[in-house]
> 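Quick one: the structure is below, questions incoming.
Only heavy atoms go into these numbers, but all of them, side chains included; no hydrogens, no water, no symmetry mates.
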Amino acid sequence: MGKTTYMKLKGSQNLRLRLLLATLSATPVLIEDIRHEDTLTGLRSYEVSLLRLFEEVCDDCVVEINDTGTKLKYKPGIIMGGRNLVHDCGVDRSIGYFLEPLIVLGLFGKKPLSITLKGITNDSKDPSVDTFQSTTLSILKRFGVPSEGLKLTIKNRAPPPLGGGEVELKIPVVQNSLTAVSWIDEGMVKRIRGLTFTSRVSSQFEHTMRYAARGIFNRLLPDVHISTYHSSAGKSPGYGISLVAETTSGCFISADTAVSYRRGDELGEDKDEESNELMPPDEVGVQIASVLLGEIEQGGVVDSTHQGLLFLLCALCPQDVSKVRVGKLSPNGIETLRNIRDFLGVKFVIKPDPSTGTVILKCVGCGLKNLSRKLS
């Protein structure tokens, strides 16, 4: 065995994306100066939890963290997948933070992945589990991921700060590689679906949010249905709403939020501004309906939250041209493009479309094949 060559990176930004790309491209990484100038230096507990999750799903991966947590050595292993795995996500970040890398990782495993995640299901920082169920999984199907075995079951919903939620994720393996897409027709919105949830507060809040959101949508289209859910398992009081617009061309545009009391641990950068004064439920409904209309107005085949995932899937496709249309490029989307270039060597051609105010991106995929599966 020769000496391992590490790709050297600095800072804590995009740590989750870097670890995911390092695992997919089998690139060992050395990340230094992780929050070395902050009052609380080093890796946060949710980032360590993410590393533990990667260790559960992969075999033979090596993680080394120094005493202060400001230096991380990560050598990826073989993605194994597995059945009946369980991971406690803690209460510093919601389950959505862990689901985003996990759904991509699971596709390239040796065996299909079946895992139960416990923690916070809905907050204002990460996409909610309802958004994953309605929108994210449908994006994977566009890239040739078999719908059989692709499922997210929400057993309990729970807001911060104490959590108590639980979801079960099932991801099939791709037989060889993903399928390149040409996806530029966003279509017109034909229906809006949604869900309001409450935990340890009056169930009347659900109806108030639903009524407020429908008050905006019913002036625009008739097919609007928002269901309600009262959580009995949540350990903290809170409420939230998740909305998704389906278009005539099969695109899903989503928006969600949750309102709850602030988390107990004050981590300088992780303060949840929205949750220290609880917004009334009617304002929550109006606000999130307005956010969804803003996402639809921007155009594109996905909303701004899913741009990073869309670009990553395009880059992982076979060596064929993928072409997608998005609205205004989000900061997360731009950072994803940069990291894809560094790890996978895939560059996108970005062409603005002035007539619609959208952006068309083209790339030739890196041709990542599911080599783990061939070992079986």
> Answer with yes or no whether the side chains of Asn122 and Asp256 bring together a donor and an acceptor at under 3.5 Å.
no
> Check whether Asn370 reaches the backbone of Gly109 with its side chain - one donor and one acceptor, N or O, closer than 3.5 Å.
yes
> May I ask you to test the Ser260-Ser236 pair for a side-chain heavy-atom distance under 4.5 Å?
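Of all side-chain heavy-atom pairs linking Ser236 with Ser260, none is under 4.5 Å.
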> Taking Leu105 as the starting point, is it possible to reach Leu50 by hopping between hydrophobic residues whose side chains are less than 4.5 Å apart?
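In one cluster with Leu50: Leu105, yes.
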> How long is the span from the CD1 atom in Ile120 to the OH atom in Tyr46, to the nearest 0.5 Å?
12.5 Å
> Applying the side chain to side chain contact (heavy atoms under 4.5 Å, CB included) test to Leu169, which of Thr116, Ile95, Thr153, Leu102 qualifies?
Leu102
> Hey, quick one: are Ile154 and Leu162 part of the same hydrophobic cluster, counting side-chain heavy atoms closer than 4.5 Å, chains of contacts allowed?
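Not linked; separate clusters.
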> Give a yes or no answer on whether the side chain of Asn66 reaches the backbone of Lys71 with a donor-acceptor pair at less than 3.5 Å.
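Indeed, once roles are kept as given, a pair shorter than 3.5 Å links the two residues.
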> Listed by chain and number, what are the side-chain hydrogen bond (donor to acceptor under 3.5 Å, both in side chains) partners of Gln298, not counting sequence neighbours?
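Listed in chain order: nothing, the list is empty.
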> When you compare the side chain of Val181 with that of Phe143, does any pair of heavy atoms fall below 4.5 Å?
yes
> Scan side-chain atoms only and decide if Asp282 and Thr208 contain a donor-acceptor pair under the 3.5 Å cut-off.
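No donor-acceptor contact under 3.5 Å links the two side chains.
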> Looking at Ile34 and Ser12, what are the two nearest heavy atoms and their distance?
CG2-CB, 3.8 Å
> One pair to check against side-chain contact (heavy atoms from CB on, under 4.5 Å): Leu24 and Ile79. What are the steps and the verdict?
CA-CA 8 Å; Leu24 292 170; Ile79 307 164; 4.2 Å; yes
> Taking only residues two or more places apart in sequence, or in another chain, which ones meet Glu295 in a salt bridge (charged side-chain N to carboxylate O under 4.0 Å, His left out)?
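Glu295 satisfies salt bridge (charged side-chain N to carboxylate O under 4.0 Å, His left out) with no residue once adjacent residues are dropped.
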> Could you work out, with ring pair (Phe, Tyr, Trp, His ring centres under 6.0 Å) as the rule, every residue matching Phe197, not counting sequence neighbours?
none
> Of all heavy-atom pairs between Leu344 and Ala315, which one has the smallest distance, and what is that distance?
CD1-CB, 4.0 Å
> Could you tell me whether the side chain of Asp185 and the main chain of Gly187 form a donor-acceptor pair under 3.5 Å?
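Yes.
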> Can you tell me if Arg210 uses its side chain to pair, donor with acceptor, with the backbone of Ile226 under 3.5 Å?
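Yes; judged by distance alone, with no hydrogens or angles, the pair exists.
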> Looking only at heavy atoms, which two atoms of Thr131 and Ser242 are closest? And how far apart?
OG1-OG, 3.7 Å
> Quick check on the hydrophobic clustering: are Leu243 and Leu220 connected, directly or via other members, by side-chain heavy-atom contacts under 4.5 Å?
yes
> Could you pull out all residues at least two apart from Thr198 that satisfy side-chain hydrogen bond (donor to acceptor under 3.5 Å, both in side chains)?
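So Thr198 forms a side-chain hydrogen bond (donor to acceptor under 3.5 Å, both in side chains) with Glu206, His230.
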> When rounded to the nearest 0.5 angstrom, what distance separates CH2 in Trp183 from SG in Cys251?
5.0 Å
> Indicate the atoms forming the closest heavy-atom contact of Val129 with Leu152, along with that distance.
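Taking Val129 first and Leu152 second, the nearest heavy atoms are O-CD2, 3.5 Å.
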> What residues form a side-chain hydrogen bond (donor to acceptor under 3.5 Å, both in side chains) with Arg193, not counting sequence neighbours?
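Counting only residues at least two positions away or on another chain, Arg193 forms a side-chain hydrogen bond (donor to acceptor under 3.5 Å, both in side chains) with Asp223.
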> Are Leu9 and Val62 connected in the hydrophobic side-chain network, where two residues link if heavy atoms are under 4.5 Å apart?
no
> Among Arg93, Arg16, Arg35, Arg52, which residue satisfies the side-chain hydrogen bond (donor to acceptor under 3.5 Å, both in side chains) criterion with Glu47?
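Testing each of Arg93, Arg16, Arg35, Arg52 against Glu47, the sole residue satisfying side-chain hydrogen bond (donor to acceptor under 3.5 Å, both in side chains) is Arg35.
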> So which of Lys328, Glu186, Arg325 actually passes side-chain hydrogen bond (donor to acceptor under 3.5 Å, both in side chains) with Thr358?
Arg325
> What distance separates Asp92 CG from Lys125 NZ, expressed to the nearest 0.5 Å?
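One finds 11.0 Å between CG of Asp92 and NZ of Lys125.
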> Are side-chain heavy atoms of Leu140 and Leu107 found at a separation under 4.5 Å?
yes
> Taking atom NZ of Lys10 and atom CD of Glu32, what is their separation to the nearest 0.5 Å?
6.5 Å
> Are Ile184 and Val359 connected in the hydrophobic side-chain network, where two residues link if heavy atoms are under 4.5 Å apart?
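The answer is no; the residues belong to distinct hydrophobic clusters.
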> For the pair Arg341 (side chain) and Leu337 (backbone), establish whether a donor and an acceptor sit closer than 3.5 Å, ignoring hydrogens and angles.
no
> Can you check whether Leu178 reaches Phe108 side chain to side chain, under 4.5 Å on heavy atoms?
yes
> Would a 4.5 Å heavy-atom cut-off, applied to side chains only, mark Gln307 and Ser304 as touching?
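Gln307 vs Ser304: side chains touch.
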> Taking the basic N atoms (NZ, or NE/NH1/NH2) and the acidic carboxylate oxygens, is any pair closer than 4.0 Å for Asp342 and Arg18?
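Arg18 and Asp342: not salt-bridged.
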> Show the nearest heavy-atom pair for residues Ser49 and Phe98, with the distance to one decimal.
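Nearest heavy atoms, Ser49 then Phe98: OG-CE2, 3.6 Å.
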> Hey, are the side chains of Asp130 and Tyr229 touching, using non-hydrogen atoms and a 4.5 Å cut-off?
no
> For a side-chain contact (heavy atoms from CB on, under 4.5 Å) check, start with the C-alpha distance between Leu43 and Leu51, then their side-chain angles and the critical distance, and finish with the verdict.
CA-CA 11 Å; Leu43 291 165; Leu51 285 162; 4.3 Å; yes
> Report the distance from atom OG of Ser227 to atom CG of Leu195, rounding to the nearest 0.5 Å.
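The CG atom of Leu195 is 4.0 Å from OG of Ser227, to the nearest 0.5 Å.
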> In chain order, what residues pass the side-chain hydrogen bond (donor to acceptor under 3.5 Å, both in side chains) check against Ser134, with sequence neighbours excluded?
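Residues passing side-chain hydrogen bond (donor to acceptor under 3.5 Å, both in side chains) with Ser134: none at all.
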> Looking at CD1 of Ile31 and CD1 of Ile65, how far apart are the two atoms once the value is rounded to the nearest 0.5 Å?
10.5 Å
> Okay, side chain of Thr121, backbone of Ala158: is any donor-acceptor separation there less than 3.5 Å?
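Flag set: sc Thr121 to bb Ala158 pair under 3.5 Å.
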> Check whether NZ of the Lys or CZ of the Arg Lys73 lies under 6.0 Å from the centre of the six-membered ring of Tyr6 and within 45 degrees of that ring's axis.
yes
> Distance-only, no hydrogens or angles: does the Ser199 side chain make a donor-acceptor pair with backbone N or O of Pro159 under 3.5 Å?
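Absent.
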> Would you say that Leu72 contacts Leu19 through its side chain, given a criterion of any heavy-atom pair below 4.5 Å between the two side chains?
yes
> What's the shortest heavy-atom distance between Pro76 and Cys61, and which atoms?
C-CB, 3.9 Å
> Mind running side-chain contact (heavy atoms from CB on, under 4.5 Å) on Val346 and Val364 for me, showing each step along the way?
CA-CA 7 Å; Val346 173; Val364 175; over 6 Å; no
> With a 4.5 Å heavy-atom cut-off, do Leu310 and Val301 have their side chains touching?
yes
> Does the pair Cys314 and Leu361 meet the rule for a side-chain contact (heavy atoms from CB on, under 4.5 Å), with working shown?
CA-CA 10 Å; Cys314 287; Leu361 294 96; over 6 Å; no
